[in-house]
Every structure is written in structure tokens, then in C-alpha cells.
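As C-alpha cells, the structure follows; a few thoughts come after it.
Keep in mind it's a predicted model, so treat the numbers as computed, not measured.
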Amino acid sequence: MKPHHWKWLLLAGRLGLAGIFLAAGIAKLREPWAQFAVSLYGFKLLPDDMLEPIAKTLPWAEVALGVAILSGIWLRWFALLGSLIITLFLGVLIRSYAMGLQVDCGCFGSGEALGPMTIVRDSTMLLLGAAVTFGAFRIRRS
Amino acid sequence: MRTKLITLTAALALLTQSVPAAAPTTGAAAKNYKLSGSPTAPMTLEVYTDFECPSCRNLYIQVLPSFTAEYVATGKVQLLHRDYLLETMHKYTRTAARYANAAGQMGKYDLVSKQIFTTQGDWSQNGNIDAAVAKVLTAAEMTKIRDIVKNDTHLDDTVTSDMAQGNKDAVNQTPTLVVVKNGKRTKIDGFLPYPILKSYIDQLLAK
């Protein structure tokens with residue numbers, strides 16, 4: 001594959017990764033913040049007093065990260081950050097699934113019960129994030 | 001003249017017989033027992049529950065008492081209970097709703113609903129809701145409630161209308177809360193811990 005092919009591939013991956021974060025953030029922002037707090041509560045991971053601040057800020061952070069990745073500025077670092085965040089989410093999902101929790105994922109707004117397909121989808125998202133991060137570092141060096 | 005009087009008396013007697021002694025309350029009047037709080041409250045919280053759903057029990061036992069004390073009793077929010085029965089999963093939920101709604105006709109909705117939720121772990125095993133309700137009502141009240149549960153063909157009318165509204169609200173699980181303010185309906189699916197509900201309601205009231 002020629003170098004400019006890699007660039008197009010990276011652009012496509014970047015748009016995909018940015019789209020994921022934008023879609024996730026906007027879907028949550030379209031609902032009342034209390035709805036996302038319900039999902040966070042269901043994971044039984046956070047103390048109650050942390051639910052509200054996280055429910056209010058995380059969707060904005062996702063949108064900001066999506067915009068940053070879309071812009072291409074500091075792509076290596078934002079793609080790396082995005083990949084780390086997806087890793088964190090995936091870890092929480094796997095833990096919750098293993099614990100048998102019946103929880104609304106809340107990943108792209110409400111209404112999605114956590115199941116194997118959720119984990120498969122998030123794993124695919126992580127692969128995409130890792131590929132974009134790797135590609136961004138690789139192109140930077142070449 | 002005498003014949004006319006006899007005919008009139010007979011007609012009146014027939015009419016009297018055709019009206020049940022204790023006609024079931026239906027329609028708007030029947031909704032009242034599910035609604036509490038001041039009619040001038042700026043906001044209504046509609047709560048869709050299924051009597052056999054464990055998260056609904058948690059909401060009813062852990063959240064609604066504090067919410068009622070802080071917002072309903074003080075005139076800030078009206079609270080409307082709505083039945084949303086998940087009968088494919090819960091085989092006794094309709095019977096439980098019939099007991100609660102029958103109690104509502106007798107002015108005992110809150111007492112009996114609370115008892116049904118509190119004893120959910122018992123009757124959801126054997127379906128004996130009657131025994132659970134009998135613990136909080138007198139023998140005379142139980143006779144009346146059994147009669148309503150058994151014979152009132154309109155008893156499920158509020159359930160039907162609640163579920164129709166639930167379908168309009170796109171309810172897909174219980175509990176589901178719908179906050180109604182200035183005609184706008186905002187839905188929140190799932191169990192909400194009281195501090196979160198309180199914070200959310202406070203923000204809406206402050207707007």
C-alpha cells in the first residue's frame with residue numbers, strides 16, 4: 001500500500017472515531033442528565049455523590065473529544081486518549097456483564113440493555129481507536 | 001291514575017334494581033386515587049410501575065416516601081401512579097393491580113399499594129396477594145375488596161388507560177418516570193436513587 005493510501009485510511013478511521021464520540025455525547029445530551037445517571041447507577045461502580053457530576057460532564061467531554069479528533073490537531077494524543085477511554089468503558093461493561101448486572105448500557109443514550117453485542121461493538125470501537133492511534137504515530141514518524 | 005302510579009312505581013323499582021348498590025368508580029373520578037398533591041403544583045411526576053417488578057418495589061419503598069414528604073406534601077409536585085403491567089414476565093401483576101385499584105375505590109390505594117410492594121417477595125412466589133392485603137385491612141374491608149376484585153368489570157379501566165398513555169410515552173421498562181412541566185413530558189427510564197431525583201426535580205423547579 002502506498003503512503004497516501006495510509007493517509008486516506010487514517011482519515012477514514014479518524015472520522016469514524018470522531019463520529020463515535022460525537023454520537024455518544026450528543027445522544028446523552030439530548031436526554032435529561034438524570035437518565036445517564038440512572039445508567040451510571042446501574043453499574044454499581046460509583047458512589048452516589050459522583051453520579052450527578054459525571055452524568056453532567058462526561059457527555060460534554062465525549063463531544064469535545066469527538067471534535068478534537070475530527071479536527072486532526074494533536075491526533076496522536078487525542079486518539080490515544082479516546083482509546084484509553086474506550087478501554088475503560090469496555091472494562092466496565094465486561095465487569096458488569098460478568099457480574100450479571102441487568103443494566104442499561106447508556107453508551108449511546110438510553111434503551112440498550114447490556115449484552116454480548118454491546119461488548120463486541122465496544123471491542124470493535126477499541127480496535128478502531130488503537131488503529132487510528134497507531135496510524136497517527138506511524139505517519140508522524142515517516 | 002292508579003294504574004299509572006303503579007306503573008311508575010314498578011318502573012322506578014326496576015331502575016333502582018338495575019343500578020348496582022356500589023357502582024364502581026371509573027374514568028376521571030377513578031384516577032383521583034392514583035393522584036396526590038396540590039392541583040396547583042407546577043409539576044407532575046408520573047410513575048409507571050409494575051407491582052411484581054423488583055426495581056419498582058425499590059422505588060416505591062426507598063424513594064417515593066422521601067419524595068412525597070418533600071415535594072408532594074409541600075405542594076411542589078403532584079404524584080401520579082400509573083400501572084404498566086409486564087404480564088409476559090409477571091403472572092400475578094394484574095391481580096396485584098386489581099387489588100390496588102379496588103383499594104383505591106375504597107380510599108385505601110396508598111396503604112394497599114405499599115403493602116403489595118412490601119410483600120412482593122412473598123406473593124410473587126405463590127400469587128396469594130389476598131393474604132398480603134388482608135394484613136392491612138379489616139375483615140369488612142376485605143369482603144368489599146374481594147367483591148370488587150371479583151365482580152367489577154370496569155376495574156381494569158385505569159390500567160388500560162395508563163398503559164395506553166405509557167405506550168404514547170414509549171415506556172419500555174419499569175419503573176419509568178415522566179416529569180410533566182408546562183405540558184412538556186420528559187421520560188426517565190429505570191430506577192433513580194433519591195438524591196439524583198431530588199437534584200433533578202430541584203433544577204426543573206428552579207427554571
Short donor-acceptor contacts under 3.5 Å linking chain B with chain A:
{"from": "B:Asp189", "atom 1": "N", "to": "A:Gln35", "atom 2": "OE1", "distance (Å)": "2.7"}
{"from": "B:Asp189", "atom 1": "O", "to": "A:Gln35", "atom 2": "NE2", "distance (Å)": "3.0"}
{"from": "B:Ser199", "atom 1": "OG", "to": "A:Glu52", "atom 2": "OE1", "distance (Å)": "2.6"}
{"from": "B:Ser199", "atom 1": "OG", "to": "A:Glu52", "atom 2": "OE2", "distance (Å)": "2.9"}
{"from": "B:Gln203", "atom 1": "OE1", "to": "A:Trp33", "atom 2": "NE1", "distance (Å)": "3.0"}
{"from": "B:Gln203", "atom 1": "NE2", "to": "A:Glu52", "atom 2": "OE2", "distance (Å)": "3.3"}

So for A:Ala37, is it side chain, backbone, both, or neither that comes closer than 4.5 Å to the heavy atoms of chain B?
side chain
List the atom of B:Ile188, the atom of A:Ala34, and the distance in Å for their closest heavy-atom pair.
CD1-CB, 3.8 Å
Who pairs with B:Tyr71 by ring-ring contact (aromatic ring centres under 6.0 Å, His included), at least two apart in sequence or on another chain?
B:Phe67
